[in-house]
Structures are given as C-alpha cells and as structure tokens.
Engineer: 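Would you mind keeping the following structure in view while I ask a few things?
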Number of protein chains: 2
Amino acid sequence: MITIYDIAKKANVSAMTVSKVINQTGRISTATRERVQQVIDELGYIPNSNARSLVLQRTQMLSLLITDITNPFYTTLARGAEDAANARGYRLLFGNSDEDYNKEKNYVETILSTRVDGVLFAPAGDRSLDHLQQLHERNIPFVILDRTVPGITSDVIAGDSRQGALLLIRYLTELGHRRIALVNGSSEVSTARLREEGYAEGLREAGVKVDPKLVLRTGYRDFSDEAGMEQLLTQPDKPTAIFAANNMLAIGVIRLLRKRGLRVPEDISVVCFDDLDLASAFDPFLTVAAQPAYDFGAKGMHMLIDRIEGTAPTDPQMVILPSELRIRASATTLIGQSKPLGS
Amino acid sequence: MITIYDIAKKANVSAMTVSKVINQTGRISTATRERVQQVIDELGYIPNSNARSLVLQRTQMLSLLITDITNPFYTTLARGAEDAANARGYRLLFGNSDEDYNKEKNYVETILSTRVDGVLFAPAGDRSLDHLQQLHERNIPFVILDRTVPGITSDVIAGDSRQGALLLIRYLTELGHRRIALVNGSSEVSTARLREEGYAEGLREAGVKVDPKLVLRTGYRDFSDEAGMEQLLTQPDKPTAIFAANNMLAIGVIRLLRKRGLRVPEDISVVCFDDLDLASAFDPFLTVAAQPAYDFGAKGMHMLIDRIEGTAPTDPQMVILPSELRIRASATTLIGQSKPLGS
DNA sequence: TTGAAAGCGCTAACAG
DNA sequence: CTGTTAGCGCTTTCAA
C-alpha cells in the first residue's frame, strides 16, 4: 500500500508537506507543491480515507437508505440524491432495507461504525424510531425521507399522501364508483395511514361510508395475498374499483385479478399511488397519483448537506411535495365496465 | 464518541479485553465477558470501523457498482448480491455509475480510499480498463459483472449475449421478418458487440444480409435519438421489426414509434434483451430475451467472497448464464402486421 | 515555508 | 486469563 510517507520520501519532503499539498492547506512554495503533486500522480497515490476520517471525524461521504431497491420511485429518487450529492462535493453510497427492520438495523450499524457525514433516511416504518434515535444520539445528521416517524423531530421531506389519495378517490367517485376497495401498506408506515385518511375523506365527500371489509392492510412489497383478495372480491356487495396504496401493490393486485380472470378496467378499475416509470413510459396504462421522485432525492440531499454544513435554519425543516394525478386507462366509469362485478 | 476505552474503564478492564470480547478472539473468563458485554449493550457501543480497518486492513464491507440504478436488470441483480453478501456475513454498499466513466472513476476512488474488501463491478465499457487495473494494482479483489473488458483477466459473471440475441432474431425470422433493425448500445460495451454478433448470425442463418443502414448504435440509457429513428424508418426498404439491445432502449424505441403514430406490433414488431420486471408483471407485452438477473448478483457475490476468502480456484473463473426467450405480444408475423410499413 | 511530535480508535504480539 | 506496548495512515499543533 502506498502511503503518504512513500510520497514524502520520493519527493524529499516530510509527510506533513504532502498532506498540505493534498488538502491545499497551509502555505507551500509552488516549486515543492508541483514536485509533490508530480510524485502523487506518478504513483497514483490515493489517501486512505479510514486514516483520514479517524483524525478528521469527517468522511465527505453520505448514505442514502431506501426501503426497496426494485421500486422505481426509490431508484429515481436515488438518482436525484446522487446528482445533488456530487454537485456539492460529496460521495454517496446506497443501502437497501427491503422494508425490513432488521436489515435497516444493520445499515444503521454500518453507518454508525463508518462515521459517514450524514444520512438520507427512508424509514421502514414507525419502529425505525430506535434507529433514528441512535443516529441522533451519535450526532449523525439525517433527513427523513418519504415517511415520517412519530417520536422523532428532524428535517423531513415527504409527499402529500393524503392529498394524493384524495385525488385518486375523487377521480373514482366522479367516475361513479361507490364500492372502492383499499389495498394498503402496513399501518406502521405513515404514508399508509395518510393514504387511508385520504381514502376515507374522498369517500366521505361522496357520501360513502368506509366499509372495513373493503380495506386490506398488508406490506408495500411483494403483495400476493390471494386469500385477502378473495375476501375482498367475493363479498355480497363487491367493489368496482381498487385503490392500491403504492405501485408495487398495484402490480400485485393486477396480477391477482388477472389470475382470477378479471380484466382491468373492463371488469374492475384500479388506481394507485406512485408511477411506474418504465412501464408507464411505453404503456401508459395505470392511472396514478405520481410523486416527484427525483425531487425527493435532490431536495432531500440539499437539506441534508445544508444541515451538515450549518447553512440550514436551526429549526427542523419539513418539506411536503404534492402528487399529481395522471389519468390513464386502468380506471373507467361503471358504464365502461362491461360486466359489473356485482351482477 | 464512545470508544473502546470508555467501555474498558466502566467495566474495569483494559481496552484489549474489550477488544477480545467484541471480536471473540483469545480466552476470556465468562464472568468478564458478560460484564464487558453488558457495558457494551448499556452504552450502545459500536466500534469505529475506520480505526479497525486501519489496523486490520479489512472492512468486512463489499461494494457493488452498477451502471444504471433505474434499470430493473441491475436492481434485481443488486438484491441477489445483497442477499448473498449478508448470508456470508458481509455488508454491501451500492454505487451507481450511470454508464458514465467519470462517475465510475469517482466510485473507484472511493473504493480505493475506503479499502473495501472487494468489489462486484459492472463496467461502463471498455474504457473501464484503467479503473479495473487500478483495483488490480491495489490488490482489491473484484468480479466483473455483466460485461467483459478486453485487456483484463479476472473472475467474470456474464450473460450469453450472443445466444440471447440469436434466439430473438431466430424468432423474428421464423415469424417471417427479413428487414430487422438493430438499435444497439455503444460498441465500446462487450454486450453490445456480442448482441450485434448474435443479430448478424441470426440473419445469416435466415439467408439475410446485414444492412448497415438498419443498425443504429447509441448508448444503453436515455435513448431518444429521433433523427436516428427517422433514418431507420424512412428508407426505401423499411424494417418490419426492431431488435432493441436492452430493455431501456426498447422503451425509448417504443416511445419514439408511438410518437410517429406507429403501433406495436400492428405496424412494427419490437423485441429486446432483458426483461422489464415490473412492467411485465402485470402487462406481459414485450417479447424479450430475459437474463437471470438475481443469479447474476448472487452468484457473482459468491464468486467474489470465495476469491476474498481464498476458497476459489487459483485461475480466474468465468461463468456465463444463458438467456431465456419470453414470447409475448410485441412481435408478430408479417401477416399479423395489419399495414406493412413498406406499403 | 517546512517538519517533529502526538494522537485519532483500534488490535497484534507479546509479557505477566 | 489479562494488560502493556506499538503502530495502522493521517492531520493538527506548534516550533524551527
């Protein structure tokens, strides 16, 4: 391994001088600077960031923790975060918790033990509280992303889940739907609660009572609850539309509908939260409430770096980004549904 | 910051003893072990991995570098890699080069300066050679993923691009297509070259000569070359089918076709390499040569860890995974194409 | 403008 | 079974 001493020796200076050249601190004569720089280039020397961070207590490295690396919402967000980090001179490393508190815990340990400068943190759910408190206790700056966690006060950037859900339900009720099922994430996740609130409010506006039998609560990932869907679809007064609380749920829902021989939207309408970037790109099928995923990442990252660099306001900031209704083909009027389910 | 000395003092032992408890090395009486462990738990002590890696020259941390975090092939691969890493007791951090040599260079620097134990490396292209050589010089074990790089010998796990392309072209020629366009990635990328070989071979088998005017070479990401598509589609003897060399290109192609008012497959057939996991899940539309993305990650990670732990064969290993033709709706017979483009 | 000494938090080697 | 010493690669302080 090439160390700063190798460079120093070869350039006939002390290690300290080399350090000054690398970090552009202190005064150095142009002559020595150039000589040292040349040796550095020649040997391809790269400082050991472990040694450096040990003394500096800084790494110039940031972490982004997301909850589902296969979800396009998070990957687009990751791009935004990375672009912003690079623009401000930080390196970014990603972690993926897969909506799993245990994996999340491991990442928090990694973060804590590597002393990154800050974390953009999409919590798995309310039980992420412990993890966030740990970060707080160790003075690792963080910005919470996408989901809030009761009990913790910090910078937050999130979407307006309530409003997005409301837009979708309003749209469905305007199409004439009254029996609208909700396939939701876990109640332990703030966005799931808020989307359910928006759902309830949308129904209320239309004078429809929430029917608990039309609400299925599961996880935001890997939906394949056939029994649950069976129950939803085989009750006396069947739903004519389904609101899936995120894109991954929508995929599961549609898959299970297909499996039962039901067509979307001819037999039943489906809408969801979050867009499916790639799928929607060439096949604008799903009607969705889309969130500005890239901005989540970019703005969240700027908030984080502002916080780290001390340029943020003292008080915790909360930024809420709106969703946008994108009307496509997966939901239609009751009349458009050739064969109402209830018949 | 809580250090090993804080623990030592509180438990009335030396730092060395704490270290032994943490790392389960050396002999320690059960009594002291328990006492120390209790203090560790109580204070929530987490060792500083920078300090540790400085002396150990190991981090128990691995890197995965992918070239497009929004491409489902890579995100599914990432899951496989992560699962395998965790199963073997390593932590994994992700990097994303966005098919950009410059970003890739930054990640290599990060890798080099943080001294991770190894890297699963999907190169941006042939010019990644420098970066890989740097890793090699510094003795950072790596496995090359998905794409080979001329000039470097190492463990490799890749798909059979040639065979996959051949399957697709055979399928198209069996449907009766003769004028098949290729929208390919950059010639600087091994998979693009191999897919073009498979394309050429498929045409040869069918007695069709490759027409350079039907080949468009671009990048694997963000395809939106309207002028190129225009040229492809407006020549005298128009193509009746397009082979997109990866999923992202297929999306761009279909988008541009739509923009020109062309329907797929009614007006023109489209097939591509790599599946679109989410999109295909509920809308099995694109006919593709799918690669076992999860296995790429999982097997590649095992190769890497075997190499790190010295349990791999001395000689570099090369694993080639086959692709699988998934016939869906985006390509059809010429007769099925209601209005041949040439008419 | 340059360098010597000390120490960041940890562990290997050895001594007790 | 436990502790002392030294040093991993780097930078801060302060003296030259």
Side-chain angles (χ1 to χ4, degrees), chain A residues 1-37 39-40 43-61 109-117 138-140, chain B residues 1-37 39-40 43-61 109-117 138-140:
Chain A
M1 171 180 293
I2 302 173
T3 75
I4 201 168
Y5 289 101
D6 299 324
I7 307 297
K9 187 180 293 178
K10 191 145 189 198
N12 275 315
V13 292
S14 74
M16 200 49 240
T17 304
V18 178
S19 174
K20 280 176 185 153
V21 171
I22 293 168
N23 299 296
Q24 322 203 40
T25 63
R27 334 223 127 269
I28 302 256
S29 73
T30 317
T32 40
R33 185 203 317 291
E34 276 170 3
R35 187 154 38 91
V36 170
Q37 189 58 54
V39 177
I40 288 174
L43 268 57
Y45 168 68
I46 294 179
N48 183 326
S49 75
N50 297 119
R52 185 182 234 168
S53 85
L54 199 55
V55 21
L56 290 183
Q57 310 281 19
R58 272 194 303 100
T59 55
Q60 208 68 8
M61 240 162 343
E109 266 185 27
T110 303
I111 285 163
L112 254 21
S113 71
T114 54
R115 305 328 200 233
V116 292
D117 293 352
R138 310 298 159 92
N139 292 312
I140 309 267
Chain B
M1 171 179 294
I2 302 173
T3 74
I4 201 167
Y5 289 100
D6 299 324
I7 306 298
K9 187 179 292 176
K10 193 147 190 198
N12 275 314
V13 292
S14 73
M16 200 52 235
T17 304
V18 179
S19 172
K20 280 174 184 154
V21 171
I22 293 168
N23 299 296
Q24 321 204 40
T25 61
R27 334 224 128 268
I28 302 258
S29 76
T30 319
T32 39
R33 185 204 319 290
E34 277 169 4
R35 186 155 37 89
V36 170
Q37 188 59 54
V39 178
I40 289 175
L43 269 58
Y45 167 70
I46 293 180
N48 183 325
S49 76
N50 298 119
R52 187 182 234 167
S53 86
L54 200 56
V55 21
L56 289 182
Q57 309 281 17
R58 271 194 303 100
T59 55
Q60 208 69 9
M61 235 154 356
E109 264 184 28
T110 303
I111 285 162
L112 254 21
S113 70
T114 54
R115 304 331 201 230
V116 292
D117 293 351
R138 309 297 157 94
N139 291 311
I140 309 267

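In what follows, every heavy atom counts, from backbone to side chain, and hydrogens, waters and symmetry copies are set aside. Letters go in sequence order (proteins before strands), and every chain restarts at 1.
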Engineer: Check whether any side-chain nitrogen or oxygen of B:Thr17 sits under 4.0 Å from OP1 or OP2 of D:dG3, and answer yes or no.
Structural biologist: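 For D:dG3, OP1 or OP2 has a side-chain N or O of B:Thr17 closer than 4.0 Å.
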Engineer: Backbone N or O of B:Glu109 within a donor-acceptor pair of the B:Ser113 side chain at under 3.5 Å?
Structural biologist: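 Side chain of B:Ser113 to backbone of B:Glu109, a donor-acceptor pair under 3.5 Å: yes, one is there.
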Engineer: With sequence neighbours left out, what residues match A:Ser29 under side-chain hydrogen bond (donor to acceptor under 3.5 Å, both in side chains)?
Structural biologist: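 Testing A:Ser29 for side-chain hydrogen bond (donor to acceptor under 3.5 Å, both in side chains), a comparison that skips the adjacent residues, returns A:Thr32.
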Engineer: For B:Ser53, enumerate each residue passing the side-chain hydrogen bond (donor to acceptor under 3.5 Å, both in side chains) test, keeping only those at least two apart in sequence or located in another chain.
Structural biologist: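 Only A:Asn50 meet the side-chain hydrogen bond (donor to acceptor under 3.5 Å, both in side chains) criterion with B:Ser53.
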Engineer: Output every pair passing salt bridge (Lys or Arg N to Asp or Glu O under 4.0 Å) with a member in residues 21-30 of chain A, not counting sequence neighbours, ordered by first then second residue.
Structural biologist: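 Those involving residues 21-30 of chain A do not exist here.
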Engineer: Between which nucleotides of DNA chain C, read 5' to 3', does contact with chain A run, using atoms under 4.0 Å from its heavy atoms?
Structural biologist: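 Span of nucleotides near chain A: C:dT1 to C:dG9.
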Engineer: I'd like to check the salt bridge (Lys or Arg N to Asp or Glu O under 4.0 Å) partners of B:Lys20; sequence neighbours left out, ordered by chain and number.
Structural biologist: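 Result, salt bridge (Lys or Arg N to Asp or Glu O under 4.0 Å) vs B:Lys20: none returned.
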Engineer: Name all residues meeting the salt bridge (Lys or Arg N to Asp or Glu O under 4.0 Å) criterion together with B:Glu34; count only those two or more places apart in sequence or in a different chain, and write none if there are none.
Structural biologist: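 Applying salt bridge (Lys or Arg N to Asp or Glu O under 4.0 Å) to B:Glu34 gives none.
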Engineer: What residues, two or more places apart in sequence or in another chain, satisfy side chain to side chain contact (heavy atoms under 4.5 Å, CB included) together with A:Gln57?
Structural biologist: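 Here the qualifying residues are B:Met1.
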Engineer: Can you list everything that forms a side chain to side chain contact (heavy atoms under 4.5 Å, CB included) with A:Ile2? Sequence neighbours excluded, please.
Structural biologist: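 A:Ile2 satisfies side chain to side chain contact (heavy atoms under 4.5 Å, CB included) with A:Asp6, A:Ile7, A:Leu43, A:Tyr45 once adjacent residues are dropped.
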Engineer: Over all strands shown, is A:Ser53 touching base, sugar-phosphate only, or nothing at heavy-atom distances under 4.0 angstrom?
Structural biologist: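 Touches nothing.
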Engineer: Determine to 10° how strongly the helix from C:dT1-D:dA16 to C:dG16-D:dC1 is bent, judged from the axes of its five-pair ends.
Structural biologist: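 It works out to 40° between the end axes.
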Engineer: Could I get the full list of side-chain hydrogen bond (donor to acceptor under 3.5 Å, both in side chains) partners for B:Thr110, not counting sequence neighbours?
Structural biologist: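 In terms of side-chain hydrogen bond (donor to acceptor under 3.5 Å, both in side chains), with neighbours along the sequence ignored, B:Thr110 is linked to A:Arg91.
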Engineer: With sequence neighbours excluded, give me every salt bridge (Lys or Arg N to Asp or Glu O under 4.0 Å) pair touching residues 8-18 of chain B.
Structural biologist: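 Listed once each, the pairs are B:Lys10-B:Glu42.
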Engineer: Does the protein touch nucleotides 8-16 of chain D at the base, only the backbone, or not at all? Give it as B, S and - per nucleotide, heavy atoms under 4.0 Å.
Structural biologist: BBBSB----
